[in-house]
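Notes for the one structure printed next.
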Amino acid sequence: MERLLLTLTIIFVSLLAGYGIRQWVSSGRAPLSEEALVRLRLVIQKVAMFGLIPVSAMLSLWGLPSPDVRLLSLPFLGLAAWVTGGALALLLAGRMRLAPAQTGSLYCCGTFTNIGAVGTLVAVMYFGEKAIAMASLYRLCEEMFFFSVALPVARRYGRSGKKAPARRFRFDPVLAAIVLALALGLVLNLAGVSRPAVFGALSTAAMLTGTVCFLLSIGMGLRLSRMTAYVRESAAVSLIKFVLVPVVITSLAMLAGLGGVDDGVPLKVVAILSAMPVAMNALIPPSLFDLDLDLANACWVFTTLELVVVLPVLVLILPLL
């Protein structure tokens, strides 16, 4: 119970603190301008994404005892989760007879899951530092999928006619940082280089600090508008995120044999990561392609708030896996 309350506190206090800063700036009483706030958000995000999170992943993988070959299924499970979530969103959008702009936004919300900022935090709070490496492997294909699949699909439903950014996933700096960090940690691990004991605590501290920074920056950019107009769509996304995708992906993880690795910890980490709310990057395609941004924003807020219910349920289910 203490770990559950601490996890929820870290998530919502960080978000509320960021949102409070935004409101302070918007009121005109803060010494920061709106432009300065945007620059500050970017700095905080870069520190988390290029510094703290990759370092944490590297140190965790370095200290992972005898990595099991079955852990190589983690990137494919992450990819399967995004594909499944997006496909289910399109299916439900058709059943609800949504307009193209709303269908595109629902697809984005069904696809992208908050793994880095929230999922990893929850996994680490329950399973310790080794969950960092597992979560990093699970999300390894995230950037590739975003640019090569999700953006083109979302563009098909757009009203603006804009084209997706011409970026290749292998040159993406976030992906490069994560891959290099994981590669370095794996090389040190397989080479038998002993990791100093203090680096275990440093890995966890870096992950927690990076998570707080990322959530703080998200709160700084949060805009609450017209959420109550999208209760039906938010309920559909909640069904996808918290029921359908977790059932499918956890079942695949069982078939991959993750229940037999490290007392089933990888299986439980996958169960957590597959049952997280909408990620903030689900708001990017709606902004680019003139989709229904209010719908995406509402789904993000609703599913994040639902963690108050989802996390206690996960705590009850995990011992059964």
Under 4.5 Å between any side-chain heavy atoms of [X] and [Y], yes or no?
X: Glu142; Y: Leu79; answer: no
X: Val245; Y: Val248; answer: no
X: Leu258; Y: Ser73; answer: yes
X: Tyr157; Y: Cys108; answer: no
X: Leu318; Y: Phe127; answer: yes
X: Pro277; Y: Phe302; answer: no
X: Val187; Y: Val193; answer: no
X: Ser33; Y: Val25; answer: no

With a 3.5 Å distance limit and no angle check, can you tell me whether [X] reaches the backbone of [Y] through a side-chain donor-acceptor pair?
X: Thr84; Y: Ala80; answer: yes
X: Trp62; Y: Ser194; answer: no
X: Ser203; Y: Ser56; answer: yes
X: Ser274; Y: Ala271; answer: yes

Quick check: is [Y] connected to [X] through a chain of hydrophobic side chains (ILVMFWY, heavy atoms under 4.5 Å apart)?
X: Leu180; Y: Leu59; value: no
X: Leu8; Y: Leu6; value: yes
X: Val198; Y: Met58; value: yes
X: Phe76; Y: Ile249; value: no
X: Leu121; Y: Val212; value: yes

Stepwise side chain to side chain contact (heavy atoms under 4.5 Å, CB included) check, Tyr107 with Leu291: CA-CA 11 Å; Tyr107 167 79; Leu291 301 172; over 6 Å; no

Carboxylate-amine/guanidinium contact Arg195 Glu129, below 4.0 Å: yes

Atom of [X], atom of [Y] and distance for their closest heavy-atom approach:
X: Leu215; Y: Leu15; value: O-CD2, 3.5 Å
X: Val269; Y: Ala131; value: CG2-CB, 4.1 Å
X: Val278; Y: Trp300; value: O-CD1, 2.9 Å
X: Thr103; Y: Leu98; value: OG1-O, 3.5 Å
X: Ala206; Y: Leu52; value: O-CB, 3.6 Å
X: Asp263; Y: Lys268; value: O-NZ, 4.4 Å

Aromatic plane relationship, Tyr138 with Trp82 - under 30° parallel, 30 to 60° tilted, over 60° perpendicular: perpendicular

Approximate separation, where rounding is to 0.5 Å, of [X] [atom1] and [Y] [atom2]:
X: Leu106; Y: Gln102; atom1: CG; atom2: CD; value: 9.0 Å
X: Met125; Y: Leu5; atom1: CE; atom2: CG; value: 10.0 Å
X: Leu137; Y: Leu186; atom1: CG; atom2: CG; value: 8.5 Å
X: Thr120; Y: Leu273; atom1: OG1; atom2: CG; value: 6.0 Å
X: Ile272; Y: Leu321; atom1: CD1; atom2: CG; value: 9.5 Å
X: Met276; Y: Leu311; atom1: CE; atom2: CG; value: 5.5 Å

Candidate list Thr303, Thr113, Asn114, test side-chain hydrogen bond (donor to acceptor under 3.5 Å, both in side chains), partner Lys241, passing option: Thr113

Steps toward side chain to side chain contact (heavy atoms under 4.5 Å, CB included) verdict (Leu314, Tyr126): CA-CA 11 Å; Leu314 273 175; Tyr126 283 92; over 6 Å; no

Asp292 side chain to Tyr230 side chain, donor-acceptor N/O pair below 3.5 angstrom: yes

Side chain to side chain contact (heavy atoms under 4.5 Å, CB included) assessment of Asp262 paired with Met134: CA-CA 12 Å; Asp262 194 12; Met134 297 174 190; 4.2 Å; yes

Heavy atoms of other groups near Phe12 CZ, more than 12 under 6.0 Å: yes

For Ser238, all residues meeting side-chain hydrogen bond (donor to acceptor under 3.5 Å, both in side chains), sequence neighbours excluded: Glu306

Thr209: partners by side-chain hydrogen bond (donor to acceptor under 3.5 Å, both in side chains), with sequence neighbours left out: none

For Arg70, all residues meeting salt bridge (Lys or Arg N to Asp or Glu O under 4.0 Å), sequence neighbours excluded: Asp68

